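Following: one structure in structure tokens, then a few remarks.
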Amino acid sequence: QVQLLESGGGSVQSGGSLRLSCAASGYTYSRYCMGWFRQAPGKEREGVAAIDSDGSTSYADSVKGRFTISQDNAKNTLYLQMNSLKPEDTAMYYCAAQHDYCSGRGMDYWGKGTLVTISS
């Protein structure tokens, strides 16, 4: 019953910035790991960033120093601030959630995605 809805995608030139949002609903009082994934045309889906239930964050090497994941508990919303965007960042970005702490067992809930296109 957890529902995730991404927004904030769009087209921007290299070096620009975008902030993606993920509105979550249907949550219980249990803790969740939240993350962002992306899938470029013809490529496999990859993890971009995650924030654990204790607030700790992790990032893919390709986005370290450029992307920041955060959440606003009052708004029940997850964010991904993307700066210094590159053409290789072009992809469909997905919000996902996992019960309890982040682990390799896979995400339990997924949004439908928001498209990010970076031109050079």
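This structure is a prediction, so every number in the text was calculated from the model and none was measured. Basis for what follows: all heavy atoms, side chains included, without hydrogens, waters or symmetry-related copies.
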Evaluate the side-chain proximity of [Y] to [X]: yes if any heavy-atom separation is below 4.5 Å, no if none is.
| X | Y | answer |
| --- | --- | --- |
| R38 | M92 | no |
| Y109 | Q3 | no |
| R19 | Y79 | yes |
| W110 | L4 | no |
| S14 | S120 | yes |
| T90 | V116 | no |
| E6 | Y94 | yes |
| V12 | I118 | yes |

Q) Do the two ring centres, one from W36 and one from F67, sit under 6.0 Å apart? A)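 W36 vs F67: aromatic centres not under 6.0 Å.
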**Q.** Electrostatic pair D89:K86 at N-O distance under 4.0 angstrom
**A.**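 Salt bridge between D89 and K86, a charged N being under 4.0 Å from a carboxylate O: no.
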Q: Report the relative orientation of the aromatic rings in Y32 and H99; use parallel for angles under 30°, tilted for 30 to 60°, perpendicular for over 60°.
A: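 Judged by the thresholds at 30° and 60°, the geometry between Y32 and H99 is tilted.
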Q) How many angstroms lie between atom OG of S70 and atom CG of L80, to the nearest 0.5 angstrom? A)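 Nearest 0.5 Å value for the OG-CG distance: 8.5 Å.
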**Q.** T114 side, atom OG1; K112 side, atom NZ - distance, nearest 0.5 Å
**A.**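 T114 atom OG1 to K112 atom NZ measures 13.0 Å (nearest 0.5 Å).
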Decide whether [X] and [Y] are clustered together by the hydrophobic rule: side chain heavy atoms of Ile, Leu, Val, Met, Phe, Trp, Tyr closer than 4.5 Å, transitively.
| X | Y | value |
| --- | --- | --- |
| I69 | Y93 | yes |
| F37 | L115 | yes |
| L85 | Y59 | yes |
| V48 | I51 | yes |
| L20 | V63 | yes |

Q) Between the side chains of N83 and S17, does any donor sit under 3.5 Å from an acceptor? A)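 Looking only at side-chain atoms, S17 and N83 do form a donor-acceptor pair, the distance falling under 3.5 Å.
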